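Have a look at the structure below before the remarks.
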Amino acid sequence: MNAQNNESLPRLFLRSLPQIFRVSPRHFIIEYIFTFLDALMLVFTTLSLQDFFDRVTGLVGGNISLNSVLMSLALFALLKILDEAIDGVANFYGEFYAGKSGKKMMNLLNQKVDRLPAVQFENPDVLDQMNQAYRGAYDVRQLVHVFMDILCLYIPYFVFMGIYLYRIQSILLLILPLVFTPVLASHLLRSRYYTKLDDQTVTLRRKEEHYKECLTARPFFKETRALGASHFFLSRYTLTFKKIQQLRYQTDRKSQGVELVANTISLAGYIGILVLLISLLVQGRITVGAFSAVLTATLEMFNLMEEVFNSRLNELSATAGQIKKYFRFLDVPEQKYGSIHVEGKKALVLNHVSFTYPGASTPALVDVSFHQHPGETIAIVGENGSGKTTLSKLILGLYTPDEGQILLDGVSLADIVKDDLYKNFSCVFQNFQCYQLTLRHNVTISDFSNMHDSDDTQVWDALNAAGFHVNTEQMTQGLDTLISKEFAGTDLSRGEWQRLSIARAYYRPHQFIVLDEPTAAIDPFEEDRIYHDFMKLKKNHSAIIITHRLGAIKLADRVLLMKEGKLVGEGTHEILLLESPYYRTLWNAQSKYWQ
Ligand code: ADP
């Protein structure tokens, strides 16, 4: 990772070029042919200017006719107009290409996110990189554009000008380093400052976004208000904002200091060039035309250098950190899949499975082993933090064990082909999602490939089984009612959203279902009915239910008892009550609320 962190802009350019070129090779080539023609036109106008001034001098000396001067002037004007037209075409293609590439880069990122192992979403470093990568995606085209302009416009122009100056007087070649060096040096320094700034502020910016969300986003603001925590978040937000501004201000100040020094040196260089040109003119080693053209061209070269380094490359330097993170993010190892197909997905075996979250000091799961027979229903119980949800994520193939193996129908999850890994699995997460979609899509999204051919009866069956009752006054458009306050639709209670998430899980074709506290937001009376219907619907499917509720525990064929990441007991509810003092304590602690 460090090697990539030191990746220079030219290296990043070489990496970005194929990506950007592939967006539309034809348009790319046309754009830079016109850019090269632009460089030629700049040189021709300088030559034409020299010619014009030499003729004017001739006219004053009586050696040349007025007609010849006017012809030269007309040629100069024509070249200028042509230059503008060529510049316009190159810019037009540039704008067009920028839009097209931005979209493509975003797409690449979205696809990358989809290929990440889910556990990376627990890794703050990767979250930072992802955040910056999205900001850097549009800058990738800009990087390529600036470098292509350097290759097709600035370098050809300076090479042609070098040849031109050398042919007039070799000593005039000195102009090039005088124009070049101070601007380049200042650029390199400033680029380093801004990369550092980016690294310093990335976590702060994510925090700032989170505090803002706590204040303004719908899922947060109610609780924030009710807790009276607005001031707290506001002050956190302001503090973080100030810290970012402070770091930015310090960097800007250093950068401007460097720019001031560089500009002073450039000015001294320009005066030196002027002195040199006057002395060559006085010695009769250059003509008046050459004097004027070189002087004008020197100004042009200064301007172009400024444009490349102080404007265009500096902009890139300010975003270089993000561009690097874009590529670093693309390099984050992706989820690996195997090549073995599995069909049924019913027999589950965990062999000495251990797992630690990225950055955590203690493992969430330690040496967990158990077998689940096809069709069996297992309830997993334990105190908060004992590892139940983590276990379910590993069984679902979202996280990979650090040690040990999880086998489905005798095949390790790591060896199963991608399409089979999640096929036949369904789940309800504890932190289920409330999609701002229609009622229908909130259910059918779990069978995405068939979403457009959804059968109303099946959708209603899933909703009914999950105990979701449609209020016809509220849901006037039935399955096509939009469930989203944000987009002017209707909203649901937490319990209704939970039922909807259960319906979604039922709707998905499955042989194996994992339910993580599926009824936490539903009242106990409704809950019993839901579990009853669940068992009817379940048929011969395997099921894992993470729960505290007696209703679910009693339905299970077997109960697994977790404590501090370890499996500390297993058996039926009755056996555990008899044999496990820990289970008895847990059970007694919570049963008093229900009996
Ligand atoms: P349970 O579902 O039994 O409440 P979890 O599986 O959620 O337990 O958590 C098990 C352990 O892993 C706990 O110590 C918890 O603090 C830790 N843990 C859970 N999620 C993360 C995470 N994203 N990063 C680091 N540690 C985590």
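Here the structure is a predicted model, which is why all the values come from computation and not from measurement. When a ligand or atom number is given, it counts from 1 through the structure's own listing order.
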| query | With under 30° as parallel and over 60° as perpendicular, where do the rings of Y583 and W587 fit, or are they tilted in between? | reply | parallel
| query | Do M105 and Q19 have side-chain heavy atoms sitting under 4.5 Å apart? | reply | yes
| Hey, mind stepping through Q132 and F329 against side chain to side chain contact (heavy atoms under 4.5 Å, CB included) and telling me if it holds? | CA-CA 9 Å; Q132 292 211 332; F329 180 64; over 6 Å; no
| Which word best sums up how the rings of Y399 and F355 line up, parallel for under 30°, tilted for 30 to 60°, or perpendicular for over 60°? | parallel
| SB check D480 R440 (cutoff 4.0 Å) | yes
| request: Run through ligand 1 for me and note each protein residue having a heavy atom under 4.0 Å from it, chain first, then residue number. | output: E122, Y357, A364, E383, N384, G385, S386, G387, K388, T389, T390
| Parallel, tilted or perpendicular: which describes the rings of F220 and H210, with under 30° parallel and over 60° perpendicular? | perpendicular
